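None of these values were measured; they are calculated from a predicted model. Throughout, protein chains are lettered first and strands after them, A, B, ... in sequence-line order, and every chain is numbered starting at 1.
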There are 2 protein chains.
Amino acid sequence: MTNEATKTARKSPPKPANRRAGARVSASSKPPPPSNRAERAAERRGAIIEAAMDEFIARGFAATRLDDIAKRAGVAKGTIYLHFKDKESMFEELIRTAIVPLISRLWGTPPQPGASVRDMVEGFAKTFIEEVATTRRGDLVRLIVAEGPRFPEVADFYYREVVSRGLTGMRALIELGIARGEIQHKNLARFPQIMVAPALIAVIWQSLFSKHAPLDALEMFRVHLDLIFGERKTA
Amino acid sequence: MTNEATKTARKSPPKPANRRAGARVSASSKPPPPSNRAERAAERRGAIIEAAMDEFIARGFAATRLDDIAKRAGVAKGTIYLHFKDKESMFEELIRTAIVPLISRLWGTPPQPGASVRDMVEGFAKTFIEEVATTRRGDLVRLIVAEGPRFPEVADFYYREVVSRGLTGMRALIELGIARGEIQHKNLARFPQIMVAPALIAVIWQSLFSKHAPLDALEMFRVHLDLIFGERKTA
DNA sequence: TGACAATGACTGACCAGTCAGTCATAAATG
DNA sequence: CATTTATGACTGACTGGTCAGTCATTGTCA
C-alpha cells in the first residue's frame with residue numbers, strides 16, 4: 001500500500017535539488033555574507049566529511065554503511081544526500097578534499113635557504129613521519145592504495161596532485177644535491193621514488209605491522225639518507 | 001577440506017532443470033577427461049580458488065560476489081560451500097594458500113655459493129620484479145595491504161610468514177655484506193626494510209600508476225643497490 | 001508565512017548462505 | 001561381467017537480512 005504513489009506527481013523539480021557547487025568553500029569565503037543557515041550547513045558538511053573519512057578508512061569503500069556515517073556525523077541519512085550525489089561521488093570528493101591539506105602539509109615546511117639538501121630532505125621526512133605516517137593521513141594513503149584500482153579517477157587525481165608533483169620536486173632537490181656535490185649518485189635523479197620509498201614503507205608498516213614490531217620510521221629514514229648523502233657526523 | 005554434511009530428503013521438484021553437469025564448459029581442461037571423484041573435486045577446488053583470487057584482487061573482499069566467483073569457476077554457488085565455510089574464511093584460506101608459492105618463489109632462487117652479496121640481492125630483485133611485481137602475485141600483496149586491517153589474521157600470517165622471515169634473511173645477507181666489506185653502512189642491518197623498499201614501490205606503482213608513467217623497476221632497484229654497494233662498473 | 005533544510009521510515013535491489021532434489025559414479029550383488 | 005543399489009558431489013531456486021537511495025512530512029530560519 002501507498003507504494004503506487006511513487007509514480008504520482010513528484011513535487012516539482014524545476015530546480016536541481018541542490019548543487020554542492022554553492023559550498024565551494026574555496027579558501028577565503030567572501031561571496032555570501034555570514035548567515036546562520038550557511039554556517040550550520042558548512043558545519044554539517046564538515047561533520048559528514050569527517051565521519052565519512054573515519055568510516056572509509058576503517059572499513060574501505062564497499063563495506064562502509066551510510067547509516068554509520070550519518071550516525072557518527074550526528075545527522076540523518078537524508079542529509080548526506082543534500083551534500084553529495086551518491087556514495088561513490090562522495091568518496092571521490094572526499095579523497096580529493098583530503099588530499100589538498102596532505103600536500104600543503106608536506107610542502108609547507110619552511111624551505112630554509114641556507115640549509116643543505118640533506119637537511120631539507122630530512123626536514124621533509126620528519127614532517128612526513130609526524131604529520132602523515134603516524135596520523136589518519138597515513139591511513140588515507142593506504143586507502144588510496146587499496147581503492148585506487150576501483151576508482152581510477154581517484155588514482156589519477158592522486159597521481160597528478162601528489163605523486164607527479166612530489167617526484168618532480170624531489171628530482172629537483174636531488175639535482176640540486178648533485179650540483180652541490182652533496183650527492184654522488186647521479187642516477188638517483190632518474191628514480192626520485194627511491195628517496196621517498198622509506199616513507200611508503202613507514203605508512204604501510206604503521207597500519208599493518210606496528211603492533212607486531214614497532215618501527216622507528218624517522219631513524220630508518222635517516223639511515224636511508226646516509227646511503228644517499230654519506231654517513232652522518234654524529235655517531 | 002572438511003565440509004558440512006549435506007542433508008538428504010525426498011521431494012519432488014516443481015521444475016526439472018539442471019543438466020549442465022556434463023558440460024565441462026569452455027576454456028582450459030577438455031582433453032584430460034575427468035578421472036576419479038577425488039581428482040575432479042580437487043580440480044574444482046582449484047578452479048574456485050583461482051577464480052576467487054581474480055575476483056578478490058579485482059574488487060576487494062566486500063565488493064566481490066560469490067555468484068561471480070562461481071560463474072568464473074564454472075561451478076554452482078552451492079559448490080563453493082562444499083569447500084569453504086563462508087566467504088570470510090574462504091578469503092583467509094585463499095590468501096594463506098597463495099602466500100606459500102610466493103615465498104618459495106622468492107627464496108627458491110639458486111643461492112650461488114661464489115656470488116657476491118650484491119649479486120645475490122640483485123638476483124632476488126630480478127626474481128621479485130619478474131615473478132611478483134609484474135604478475136598477479138603483486139596484486140596479491142596489494143590486496144593484503146588493502147584488506148589487512150580488516151583481517152588481522154591475514155595480516156598476522158603475512159607478517160610471520162613473509163615479512164618477518166624476509167627481513168631476517170635480508171638482515172643476514174646485509175651482515176654478510178658488511179663482514180665481507182661489500183657494505184659500508186653498518187646501520188643498514190638495523191633496517192633491512194630499506195633493502196626491500198623499492199620492491200614495495202614497484203608493486204604499488206605497477207597496479208596504480210603504470211598507465212600514467214611506466215617504471216623500470218629493475219633499473220630502479222639497481223640504482224638503489226648502487227647506493228648500498230657503491231657504483232657499478234658499467235656505466 | 002514562505003522557502004528551504006532536515007528527517008527517518010520506507011522501498012527495492014542485491015547478495016550471502018541454505019537445502020531439497022538430481023545424477024554420475026562407486027559398491028554390492030547375482 | 002551385467003545389473004541393481006547406495007553414496008555424496010553438485011546444483012540453483014529460494015530466503016532472510018542488509019543497505020543505498022527516496023520522499024512525504026516536519027522543523028527552522030529570514
Side-chain angles (χ1 to χ4, degrees), chain A residues 1-18 22-23 32-45 47-48 52 55 59 61-71 73-91, chain B residues 1 3-25 33-45 47-48 55 59 61-71 73-91:
Chain A
M1 73 260 175
T2 76
N3 64 355
E4 66 285 89
T6 51
K7 65 160 347 157
T8 61
R10 68 290 211 162
K11 287 323 69 171
S12 59
K15 186 160 89 164
N18 90 335
S35 149
N36 204 347
R37 203 101 144 189
E39 260 175 45
R40 278 171 45 91
E43 221 167 71
R44 268 155 190 273
R45 191 188 156 84
I48 292 170
E55 292 290 329
R59 298 194 223 295
F61 177 79
T64 291
R65 293 179 292 257
L66 290 192
D67 287 284
D68 289 347
I69 294 176
K71 187 184 291 183
V75 154
K77 185 157 61 153
T79 304
I80 292 175
Y81 287 88
L82 298 176
H83 295 276
F84 302 94
K85 182 171 152 287
D86 57 17
K87 191 186 179 185
E88 198 165 312
S89 60
M90 173 173 154
F91 179 75
Chain B
M1 49 294 271
N3 51 8
E4 302 305 302
T6 41
K7 281 67 176 300
T8 33
R10 297 294 82 111
K11 278 288 188 55
S12 63
K15 246 163 66 165
N18 165 18
R19 40 76 215 57
R20 65 165 308 299
R24 184 64 286 113
V25 184
S35 309
N36 63 37
R37 216 105 137 181
E39 260 175 44
R40 279 174 45 96
E43 219 168 72
R44 265 149 194 269
R45 193 187 155 85
I48 292 170
E55 292 290 326
R59 299 195 221 296
F61 176 79
T64 291
R65 292 178 294 256
L66 289 193
D67 286 285
D68 288 347
I69 293 176
K71 188 184 290 184
V75 153
K77 185 154 62 147
T79 304
I80 292 175
Y81 288 89
L82 298 176
H83 294 275
F84 301 93
K85 183 171 152 289
D86 57 17
K87 191 185 179 185
E88 199 165 308
S89 60
M90 173 172 153
F91 180 76

Rounded to the nearest Å, what distance is computed from the [atom1] atom of residue [X] to the [atom2] atom of nucleotide [N]?
X       : N      : atom1 : atom2 : result
B/Lys71 : C/dC15 : NZ    : C1'   : 13 Å
A/Leu82 : D/dT26 : CG    : P     : 18 Å
A/Asp67 : D/dA20 : CG    : P     : 7 Å
B/Ile48 : D/dC10 : CD1   : P     : 8 Å
B/Ile80 : D/dG12 : CD1   : P     : 12 Å
B/Tyr81 : D/dC14 : OH    : P     : 18 Å
B/Lys77 : D/dA9  : NZ    : C1'   : 18 Å
B/Leu66 : C/dT18 : CG    : C1'   : 13 Å

Item checked: Side chain of A/Val75 - closest among C/dG17, C/dT7, D/dT11 ->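 Closest of the options to the side chain of A/Val75: C/dT7.
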
Notebook entry, point to check: Which nucleotide in the set C/dC15, C/dG17, D/dT11 lies at the smallest distance from any side-chain heavy atom of B/Thr79?
Noted result: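 The nucleotide sitting nearest to the side chain is D/dT11.
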
Check: Is A/Arg44 near enough to C/dA6 that one of its side-chain N or O atoms lies under 4.0 angstrom from OP1 or OP2?
Finding: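 Looking at the OP1 and OP2 atoms of C/dA6, one of them is under 4.0 Å from a side-chain N or O of A/Arg44.
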
Notebook entry, point to check: How far apart are the C-alpha atoms of B/Met90 and B/Tyr81, what are their side-chain angles, what is the distance that settles it, and do they pass the side-chain contact (heavy atoms from CB on, under 4.5 Å) test?
Noted result: CA-CA 9 Å; B/Met90 173 172 153; B/Tyr81 288 89; over 6 Å; no

Can you name the atoms? Protein N/O to nucleotides 1-3 of chain C N/O, anything below 3.5 Å, with the distance.
none

Contacts of [X] that satisfy side-chain contact (heavy atoms from CB on, under 4.5 Å) - sequence neighbours left out:
X       : result
A/Ala73 : A/Ala47, A/Ile48, A/Ala51, A/Val75
A/Asp67 : A/Lys77
A/Arg65 : A/Asp68
B/Ala63 : A/Ala62, B/Arg59

Notebook entry, point to check: Start at the 5' end of DNA chain D and walk down; is the nucleotide closest to A/Ala62 or to A/Gly78 reached first?
Noted result: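 The answer here is A/Ala62.
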
Check: Atom NZ in B/Lys87, atom CZ in B/Phe61: separation rounded to 0.5 Å?
Finding: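 B/Lys87 atom NZ to B/Phe61 atom CZ measures 4.5 Å (nearest 0.5 Å).
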
